[in-house]
Every structure is written in structure tokens, then in C-alpha cells.
Amino acid sequence: MSNVLMQVVDELRAGKLKVVDLTQPLGPDTPVIDLPAMFASSPGCSIETISRYDDKGPAWYWNTLRFGEHTGTHFDAPVHWITGKDLPDNTCETIPVHRFIGPACVIDVSAEVADDPDFLLTPQRIEQWEAEYGLIPGGAWVLMRTDWSKRTDPSEFLNAKEDGPHSPGFAKEASEFLAHKRDVLGVGVETIGTDAGQAGGFDPPFPNHHTMHGAGKFGLASLCNLDQLPPTGAIVIAAPLKVVKGSGSPLRVLAISPT
Ligand code: 23J
Ligand code: MN
């Protein structure tokens, strides 16, 4: 019998391990991505009460939720992008559940992003991180820490200018490196999506979505509390709702981390 799971719960109770919530609150104030006007937009989150201990249900309270699959802290499945549309097990309900859990590699580029909101992670910067912390293992969640989640004002979070949104992301070569040379589970970011704000104008458009999902990899958007994690040594559990043919879903993203 494996002792390791009992050790996990013991160390959580003893405070040697902690659970870190990487999830933003989901509600009517949750910002939604602003695509160019020629494309359909995704509805934000609305919450409508069915009953609240009243005539409609005297002893119970419950709500109806409505939101786009890609709202708030959410999971991107490979089928979300055209490059992943014919892959096996590419939708929320068919992905094998073991692929939701992996070690976290947290790449802190918050200093670079403070100087340049359009910062793009490059393979060189990833290799610089690996020289310090070791190779990114296969099956890892690579989390880009930008401190973007500290922008609590929605207009600063979206950071839209006349020429569109400005927020950090991945150079195409970085996504290719992580997908093909490192075989990650996927990438997680603090911004509204896993591509840079300006990435609609890149070649190809939205190169991180294009590359990751084409390789059967996942995305996690609108994460927070990445500053609570060590560069290595934590694990992430990110399991989307089992939406039939779903391209993604809001989810609770948890990390288990040394204290
Ligand atoms: C659709 C088109 C472009 C993007 C996105 C969705 C997302 O960021 C998303 O939530 O997957 S960039
Ligand atoms: Mn998405």
C-alpha cells in the first residue's frame, strides 16, 4: 500500500503543506475577453435566483448560472482551437482525468511585465529558468507568474488601448518549446486568456492557442495567487466540468504546496 497519500493529509494538517487557491471569484463582475467587433463575444457570468426560502422554495436557496465556457478562471480544452479539433480525447468530458494533475513549474516574469505589459515569454527565458530550477518535466503545468492578477480594476486588467488589449503572453517559439520539447500538460496564466493581448495580430493569430491545442495541450486562464507558490515543488489540480463536447469551463484550480 502506498503511504504517500496519508503523508499528504498528515502534512496538510501539520502545516508542512498548504492548499493554495489559484482561482478568481466567479460572478457578475468577472471580466470577459474583448475580441475584435467582427467576432461573436462571450457572455459574462449572470446568476439568477430560482428560490431563496420564499414562495418559490420555502426551505431552499438555489441559482441558475449562465456564462460562456471561457469565463473567469477557466480551462481551455484542445477542441477549443481549430488546430485541436480532430485530436482524440479533446473535449472536457473525454480528457483522461490523470491529465488534470501535474507538478507546477512557476516562471516568475513579474519584473519584466512591470516594465513591459506586452512582454512575451521566450524559449531563452524558459531555459534561463531551467538553468536555475531544473528541466521542466513531462506532464508539468507551466504557470507564468506576471502579477497581472493584482490588477483588480477590470479596465487595468483588460488594459485595452485604441489598438486593442495589452497584456503579456507567449512567443510562438515558447509555446512550441513547451509543447514539443517538454511535453507539458499545458500552460497557466494570470491574464484573461493564454495569449498576449496583442496576439490576434501575430502570425499565426493567437499562437499559444494554435500551438498548445494543436499538440493536445491545455490552457488555464485568469489564475491568481501564483506568488504563493515556489518555482518547483507544488502540484496543481485543474479539473474542468465534464461538459459534453465542451471546449472548456470555469473551474476551481488548487495547488498543494510546501509551506
Ligand atoms: C477565443 C478567441 C481568442 C482567444 C480566446 C478565445 C481565449 O483567450 C480563451 O478564453 O480561450 S485569446
Ligand atoms: Mn479560454
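Atoms within a ligand are numbered from 1 in the order they appear, just like the ligands themselves.
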Can you tell if the side chain of [X] reaches within under 4.5 Å of the side chain of [Y], non-hydrogen atoms only?
X	Y	answer
Leu65	Leu26	no
Lys172	Pro204	yes
Phe218	Arg99	yes
Pro231	Trp129	yes
Glu69	His80	no

When you measure from [atom] to every protein heavy atom, which one gives the shortest distance, and what is it?
atom	result
atom 7 (C) of ligand 1	His209 NE2, 3.4 Å
atom 4 (C) of ligand 1	Ile33 CD1, 3.8 Å
atom 10 (O) of ligand 1	His74 NE2, 3.1 Å

Which single N/O/S atom of Asp76 lies at minimum distance from the Mn ion (ligand 2)? OD1
Which atom, among the N/O/S set of His70, is closest to the Mn ion (ligand 2)? ND1
Val184, Leu185, Ile101, Ile136 screened by side chain to side chain contact (heavy atoms under 4.5 Å, CB included) with Trp141, the one that passes: Leu185
Passing option when Glu190 is tested against Leu220, Asp227, Thr146 for side chain to side chain contact (heavy atoms under 4.5 Å, CB included): Thr146
Near Asp76, which atoms of ligand 1 are under 4.0 Å from a heavy atom of that residue? 11 (O)
Proximal ligand 1 atoms for Gly193, defined as those under 4.0 Å from one of its heavy atoms: 8 (O)
Is His80 close enough to the Mn ion (ligand 2) that one of its N, O or S atoms comes in under 2.8 Å? no
Closest by any non-hydrogen atom to atom 6 (C) of ligand 1: pick that one out of His70, His80, Glu69. His80
Tell me which part of Trp81 gets within contact of ligand 1: side chain, backbone, both or neither, using heavy atoms under 4.0 Å. side chain
